[in-house]
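Values in this document were obtained by computation on a predicted structure and should not be read as measured data.
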Amino acid sequence: MFSHLPPYAGDPILSLMEQYLRDERPAKVNLGIGVYADGQGAIPVLATVRAADAELAKVQAPFTYLPMEGHAGYRQAVAQLLFGADQPAPEHLAVVQTLGGSGALKVGADLIARFFPQPTIWIPDPTWDNHIGIFEGAGFKTERYPYYDAQTKGLAFDAMLGKIAALPKGAVLLLHPCCHNPTGVDPTRAQWEQIVDAIERGGLLPFFDLAYQGFAQSLDDDVWPVRECLRRGIAFFLGNSFSKIFSLYGERVGALSVFCPQKNEAANVLGQLKLTVRRNYSSPPMHGALVVAKVLGDAALRTQWQAEVETMRVRDMRSKLHQQLSRAVPDRDFGFLLRQNGMFGYTGLTVAQVDRLREEFGVYAVGSGRICVAGLNDGNVARVAEAMAEVLRG
């Protein structure tokens, strides 16, 4: 019955994690998987999450199914966080709770594929590997637009903008509003304005993937491109995740928001999103959504949570890695590490150098040279920098 099924090669990042777990060297360092760890190398449970959890535990409510669209209080809190005081009226906005950010991408992809047959999505080069898997799995054709300039270790802005401006009307365009995964390279505000101009002129449909709101500049600044599309009345999809910024990885807490420029379109969009959810997983999980809704809905907890997010921007570790590498390899410029945002950084290391890091020094990074800066801490940053310097020196 199943003899014709080929083997699965495995996800490159998750497979790297499995290899890391088998490694018995006590000083090994995991810079592969995108998980935030604190200064002691531990995945934190945020104080605000503990407080919300304690409050929720006092209420002995049954564990019933949530509606297909998710918890109402959670969906309202999501809209307020994403769009602020200027959030669109209900007749313009459809929001559904999803299984993390990946679930948001999947639900959005399924909806577009159903009503816009044979769709194509343009994704940045490079991007998160699973973008390709999710959209191609939904029936999309995936094409790439220029994004990263390996020579400057920055944004290939002119090539990127030129490609976006030349896309056909109605093309779906995947964008990272902040903390680009995997490079950490983000457009400036002025560059974003030009990108949104091109989207507006070309009649494109942006699909924003927001997994790290607050990890670059601030909770508001990091969604500026989304809010600018909203201000101009440009239709868009926005998938967001609370895995990282609430440290709720296993709870799978995310949302998909669709802005509809024409009044009263949102009711039909919400209905079709509910049907899409029903056909996928029927309804989302409850606990993580209740925690997020409690924190965002309580003024004191929200203020405390915002302060917690500010401590998770890994600026300090970026600076320390930059300092250590600059001392160890003084003839090279590592300033790009300071200009990158979020949990990830593109080091410029080759596949062979990454292999050597892993085999000789027990430092695990993705083959592209991407590292999770949040995997660094005071106990390992000096050793990681020396290992990187050693492979760079050849």
Looking just at side-chain N and O atoms, do [X] and [Y] make a donor-acceptor pair shorter than 3.5 Å?
X: His180; Y: Thr183; value: yes
X: Arg114; Y: Gln272; value: yes
X: Asn341; Y: Arg315; value: yes

Evaluate whether atom [atom1] of [X] has more than 12 neighbouring non-hydrogen atoms of other residues, nucleotides or ligands under 6.0 angstrom away.
X: Gln76; atom1: CD; value: no
X: Arg50; atom1: CZ; value: no
X: Phe115; atom1: CZ; value: yes

Determine whether a donor-acceptor pair (N or O, by modelled atom type, separation under 3.5 Å) exists between the side chain of [X] and the backbone of [Y].
X: Gln97; Y: Pro284; answer: no
X: Gln191; Y: Thr188; answer: yes
X: Ser218; Y: Gly214; answer: no
X: Tyr147; Y: Thr127; answer: no
X: His176; Y: Cys178; answer: no
X: Asn130; Y: Gly133; answer: no
X: Arg318; Y: Gly342; answer: yes
X: Asp149; Y: Gly154; answer: no
X: Asp125; Y: Tyr145; answer: no
X: Trp224; Y: Trp192; answer: no

Hey, can you pull the donor-acceptor pairs under 3.5 Å for the side chains in residues 197-212, sequence neighbours left out?
{"from": "Asp197", "atom 1": "OD1", "to": "Arg232", "atom 2": "NH1", "distance (Å)": "2.6"}
{"from": "Asp197", "atom 1": "OD1", "to": "Arg232", "atom 2": "NH2", "distance (Å)": "2.9"}
{"from": "Glu200", "atom 1": "OE1", "to": "Arg232", "atom 2": "NH1", "distance (Å)": "2.9"}
{"from": "Asp209", "atom 1": "OD2", "to": "His131", "atom 2": "NE2", "distance (Å)": "2.6"}

Are any of the side-chain nitrogens in Lys320 or Asp316 under 4.0 Å away from the carboxylate oxygens of its partner? yes
Closer than 4.0 angstrom, basic N to acidic O: yes or no for Asp221 and Arg189? yes
Nearest non-hydrogen partners of [X] and [Y], listed with the distance:
X: Leu155; Y: Pro187; value: CD2-CA, 3.8 Å
X: Val35; Y: Ala374; value: O-CB, 3.9 Å
X: Ala365; Y: Ile371; value: CB-CG2, 3.9 Å
X: Leu99; Y: Pro285; value: CD2-CD, 3.2 Å
X: Val329; Y: Ala389; value: CG2-CB, 3.5 Å
X: Ile245; Y: Trp305; value: O-NE1, 2.9 Å

Exercise answer: donor-acceptor pairs, residues 286-297 side-chain atoms, under 3.5 Å, sequence neighbours excluded:
{"from": "His287", "atom 1": "NE2", "to": "Asp53", "atom 2": "OD1", "distance (Å)": "2.7"}

Exactly one of Leu338, Leu337, Val373 clears side-chain contact (heavy atoms from CB on, under 4.5 Å) with Leu321, and that residue is Leu337
At what distance, to the nearest 0.5 angstrom, does [atom1] of [X] lie from [atom2] of [Y]?
X: Gln19; Y: Asn30; atom1: CD; atom2: CG; answer: 11.0 Å
X: Gln194; Y: Met160; atom1: CD; atom2: CE; answer: 10.5 Å
X: Leu392; Y: Thr347; atom1: CG; atom2: OG1; answer: 7.5 Å

*Let me see the working for Tyr36 and Ile43 under side chain to side chain contact (heavy atoms under 4.5 Å, CB included), right down to the final yes or no.*
CA-CA 6 Å; Tyr36 173 82; Ile43 299 173; over 6 Å; no
With sequence neighbours left out, the residues meeting side chain to side chain donor-acceptor pair (under 3.5 Å) with Glu136 are Thr142
Residues at least two apart in sequence or cross-chain that pass side chain to side chain donor-acceptor pair (under 3.5 Å) with Glu386, listed by chain then number, are Arg393
Under a side-chain separation threshold of 4.5 Å, the hydrophobic residues clustered together with Leu5 are Met1, Phe2
Residues 157-175 vs side-chain hydrogen bond (donor to acceptor under 3.5 Å, both in side chains), sequence neighbours excluded, gives none
| request: Please lay out, stage by stage, how Glu359 and Arg356 fare under the test salt bridge (charged side-chain N to carboxylate O under 4.0 Å, His left out). | output: CA-CA 5 Å; Glu359 299 302 324; Arg356 191 177 167 204; over 6 Å; no
Sequence neighbours excluded, the answer for ring-ring contact (aromatic ring centres under 6.0 Å, His included) partners of Tyr148 is Tyr346
Would a hydrophobic clustering, with Ile, Leu, Val, Met, Phe, Trp and Tyr connected at side-chain separations under 4.5 Å, put [X] with [Y]?
X: Leu376; Y: Val366; result: yes
X: Leu270; Y: Tyr74; result: no
X: Val269; Y: Ile234; result: no
X: Val253; Y: Val95; result: yes
X: Val172; Y: Leu174; result: yes

Contacts satisfying ring pair (Phe, Tyr, Trp, His ring centres under 6.0 Å) that involve residues 369-394 (not counting sequence neighbours) are none
Atom pairs and distances, donor-acceptor, side-chain atoms in residues 102-112, under 3.5 Å, two or more places apart:
{"from": "Lys106", "atom 1": "NZ", "to": "Asp110", "atom 2": "OD1", "distance (Å)": "3.1"}
{"from": "Lys106", "atom 1": "NZ", "to": "Asp110", "atom 2": "OD2", "distance (Å)": "3.4"}
{"from": "Asp110", "atom 1": "OD2", "to": "Asn280", "atom 2": "ND2", "distance (Å)": "3.1"}

| query | Step by step, would you call Ser257 with Leu82 a side chain to side chain contact (heavy atoms under 4.5 Å, CB included)? | reply | CA-CA 9 Å; Ser257 303; Leu82 295 177; 3.7 Å; yes
Contacts of Pro261 meeting side chain to side chain contact (heavy atoms under 4.5 Å, CB included) (sequence neighbours excluded), chain-then-number -> Ala235, Phe259, Glu265
- Do Leu21 and Glu18 have side-chain heavy atoms sitting under 4.5 Å apart? no
Could you give me the CA-CA distance, side-chain angles and deciding distance for Ser319 and Gln323, then say whether side-chain hydrogen bond (donor to acceptor under 3.5 Å, both in side chains) is met?
CA-CA 6 Å; Ser319 179; Gln323 291 170 6; 3.2 Å; yes
Asp220 meets the salt bridge (charged side-chain N to carboxylate O under 4.0 Å, His left out) criterion, sequence neighbours left out, with Arg227
Applying salt bridge (charged side-chain N to carboxylate O under 4.0 Å, His left out) to Asp129 and not counting sequence neighbours gives none
Next item on the list: Begin with the C-alpha distance, continue with both residues' side-chain angles, and end with the deciding distance and a verdict on side chain to side chain contact (heavy atoms under 4.5 Å, CB included) for Leu357 and Asp355.
Entry: CA-CA 5 Å; Leu357 268 184; Asp355 289 344; over 6 Å; no
